[in-house]
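To find a chain, count down the sequence lines: A is the first, B the second, and so on, and within it residues start at 1.
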2 protein chains.
Amino acid sequence: MPVSDLTTSAQDYLKLIWSATEWSSEPITIGAMAERLGVTPSTVSDGIRKLAKQGLVEHAPYRSIELTPTGREHAVTMVRRHRLLETFLVETLNYRWDEVHDEAEVLEHAVSDTLIDKIDTLLGHPTRDPHGDPIPAADGTPHRPAAGPLAATEPGTNVTITRISDANPDMLRYFAELGLKPDTRLTVLGQRPYADLTNIRIEENGHEIDLGSAAAEAIWVVAA
Amino acid sequence: MPVSDLTTSAQDYLKLIWSATEWSSEPITIGAMAERLGVTPSTVSDGIRKLAKQGLVEHAPYRSIELTPTGREHAVTMVRRHRLLETFLVETLNYRWDEVHDEAEVLEHAVSDTLIDKIDTLLGHPTRDPHGDPIPAADGTPHRPAAGPLAATEPGTNVTITRISDANPDMLRYFAELGLKPDTRLTVLGQRPYADLTNIRIEENGHEIDLGSAAAEAIWVVAA
DNA sequence: CATAAATGTTAGACTAGCCAAACAAACATG
DNA sequence: CATGTTTGTTTGGCTAGTCTAACATTTATG
């Protein structure tokens, strides 16, 4: 069964479950899903039960949610669509990287596999989207760089930004103004846990700034 | 209310009603709509009643269907979306002109106004789609060339193809093989109404061929 | 370790789109 | 111009997604 035979909400559920374990590894809860999708927990509970009946997730009532191999395949397909679309919107249609998330969120349910292939070809098989997130290959193999959040990086370390969460467009605009984007090099000057601040220097322009914890959690880095 | 607030089926209904009067001028019937949309008449009857309640169509039971000004505005927006998307798929993503109809049919419900504007800009504000159909401007003004179907053209006339109906992809592929596309010049050699055949010469390559009535109705021409 | 708080599930109701079958109006023709 | 055929409408039923409110289970804590 192709992914396009799933309802759009089933596609959203699978993608969300997969995304939750892309960077952390704690499985997502019904409540957290409801929160992210903007629906009530009862809706998600019901939806998950239907996905389980279709063999796309494993779920015993009141217990955790796991993707089956088939479910994971569909989820990765949706993530691939989303990230290729984001890249396409930026590269080909002159969108800014902070504008593409919502547009891709809708388009990913409407595009055909043919269109995705054409985009992939036109862009030369890109491996990262505009926020630095890896684009899974057509065969579904993901590649997860050994990155961690800026908030958890030791002071004194030289790092390179790998990815920036695209969840909050306002935050993305702020990062863009500061010159923070994938591949930007930073030095972590200090962590002040009680103030929830991370102090960094941006090597490209020498600016020293403080980031709150929401920001320092959204930026993922690897040692330079 | 923006067009994106309508359900996708409402968008389809409005577009279809508008399209029915683009080239002919007989208003469409419930039955014809059902046929084109692949649903039963009862579904359409119900849908039209809802559109009337929203002030998008005028419809007294058992009588004809007319778009209100608001309804027409939304319909033209959808036609504009469809034709710009078709053009974009051909120009930017290397689709063939016979492949784009179905893809655009789905995408037109998912794209934002912003995306349509970006496409329009990228393509340099095109005025015709790959099949020769006029693309309504953003302000909704359509432009309808003084064209008529090839089937109704006097023998001996020199004509230029203005548009080719995109309803049937197989037919489009056949036309493409013959070299029939917008701006191709033809001479109508004869009309044989009882055999339902139109005999033409393609000026570009000198070929003389017969077209059945379905084909000769799908090709619209103007005197050269 | 019993109980309260947090979390998840079920039940019943609503909307939108669709269908089949029963019904109503309009139209076409003998 | 009356009647039968064609066309359109209504009714009741189905699915999918959503909600609220009632209920059940798990977890955390006093």
Side-chain angles (χ1 to χ4, degrees), chain A residues 1-17 20 24 26-67 71 74-75 78 105-106 108-110, chain B residues 1-17 20 24 26-67 71 74-75 78 105-106 108-110:
Chain A
M1 178 191 50
V3 73
S4 16
D5 285 0
L6 300 173
T7 64
T8 73
S9 76
Q11 292 173 352
D12 281 337
Y13 285 18
L14 294 176
K15 182 166 67 106
L16 178 52
I17 297 167
S24 72
E26 318 151 25
I28 197 165
T29 63
I30 297 281
M33 288 188 65
E35 169 91 38
R36 288 279 233 95
L37 295 167
V39 298
T40 62
S42 64
T43 303
V44 175
S45 180
D46 204 50
I48 292 293
R49 198 165 40 70
K50 285 176 188 161
L51 289 181
K53 202 158 56 184
Q54 293 174 81
L56 300 172
V57 303
E58 300 263 14
H59 175 58
Y62 296 101
R63 292 322 180 86
S64 70
I65 303 159
E66 299 284 344
L67 292 170
H74 289 325
M78 293 310 297
E105 201 72 23
V106 179
E108 67 192 17
H109 301 299
Chain B
M1 178 192 51
V3 73
S4 17
D5 285 0
L6 300 173
T7 65
T8 73
S9 76
Q11 292 173 352
D12 282 337
Y13 284 18
L14 295 175
K15 184 165 66 103
L16 178 52
I17 297 166
S24 72
E26 319 153 24
I28 197 165
T29 65
I30 296 282
M33 288 188 67
E35 168 92 38
R36 288 278 233 95
L37 295 167
V39 298
T40 62
S42 62
T43 303
V44 175
S45 180
D46 204 52
I48 292 292
R49 198 166 39 71
K50 286 176 189 159
L51 289 181
K53 201 156 60 184
Q54 293 174 82
L56 300 171
V57 302
E58 302 264 12
H59 176 58
Y62 297 101
R63 292 323 181 84
S64 71
I65 304 158
E66 299 284 343
L67 293 170
H74 290 326
M78 293 310 297
E105 200 73 22
V106 178
E108 67 191 18
H109 301 299

* Structure fact -> Nearest-nucleotide check on DNA chain D, A/P41 vs B/G31; residue mapping nearer the 5' end is B/G31

* Whole-Å distance between D/dT18 P and A/L37 CG? -> 8 Å

* To do: Applying side chain to side chain contact (heavy atoms under 4.5 Å, CB included), name anything that partners A/S42, two or more places apart in sequence or on another chain.
  => A/T40

* Just how far, in rounded Å, is C1' of C/dG8 from CG of A/D46? -> 12 Å

* **N or O in side chain of A/T43 less than 4.0 angstrom from D/dC19 OP1/OP2** => yes

Using nucleotides 21-28 of chain D, report all nitrogen or oxygen pairs with the protein that are shorter than 3.5 Å.
unit_1: D/dA24; atom_1: N3; unit_2: A/Y62; atom_2: OH; d: 3.4

* Presence of B/K50 side-chain N/O under 4.0 Å of C/dT15 phosphate oxygens OP1/OP2 -> no

Distance-only donor-acceptor pairs under 3.5 Å for side chains of residues 45-56 of chain B, two or more places apart:
unit_1: B/D46; atom_1: OD1; unit_2: B/R49; atom_2: NH2; d: 2.4
unit_1: B/Q54; atom_1: NE2; unit_2: B/K50; atom_2: O; d: 3.4

* Please report the shortest heavy-atom distance between A/V44 and A/Y13, naming the atom on each side. => CA-OH, 3.8 Å

* For C/dA16, take OP1 and OP2 only and decide whether either is under 4.0 Å from a side-chain N or O of B/T7. => no

* To do: Test side chain to side chain contact (heavy atoms under 4.5 Å, CB included) on A/M78 and A/D12 and set out the steps.
  => CA-CA 8 Å; A/M78 293 310 297; A/D12 281 337; 6.0 Å; no

* Structure fact -> In terms of heavy-atom contacts, B/T8 and B/H109 come closest through O-CE1, 3.5 Å

* Structure fact -> In A/M33, A/H59, A/E66, the residue satisfying side chain to side chain contact (heavy atoms under 4.5 Å, CB included) with A/I17 is A/M33

* Asked: What's the CD-P distance between B/E35 and D/dT6, to the nearest Å?
  -> 16 Å

* **Distance, rounded to the nearest Å, where B/I30 contributes CD1 and C/dA26 contributes P** => 14 Å

* Provide, to the nearest angstrom, the distance between the CD atom belonging to A/Q54 and the P atom belonging to D/dA16. => 8 Å

* To do: Rounded off to whole Å, could you give me the CD1-to-P distance for the A/I48 and D/dG17 pair?
  => 12 Å

* Asked: Taking all non-hydrogen atoms of both residues, which atom of A/Q11 and which atom of A/S4 are closest, and how far apart?
  -> NE2-CA, 3.9 Å

* Structure fact -> Whole-Å distance, B/I65 CD1 to D/dT7 C1', equals 12 Å

* Asked: Is the phosphate of D/dG8, meaning OP1 or OP2, less than 4.0 Å from a side-chain N or O of B/H59?
  -> no

* Asked: Between atom CD1 in A/I28 and atom C1' in C/dG8, what is the gap in whole Å?
  -> 15 Å

Please write out each protein N/O paired with an N/O of nucleotides 13-15 of chain D under 3.5 Å, distance rounded to 0.1 Å.
none

* Per A/S9 side chain, nearest of listed nucleotides D/dT9, D/dT18, D/dT20 -> D/dT18

* Asked: side chain to side chain contact (heavy atoms under 4.5 Å, CB included) with A/A20: which residues, sequence neighbours excluded?
  -> A/I28

* Contacts of type side chain to side chain contact (heavy atoms under 4.5 Å, CB included), residue B/E35, not counting sequence neighbours -> none

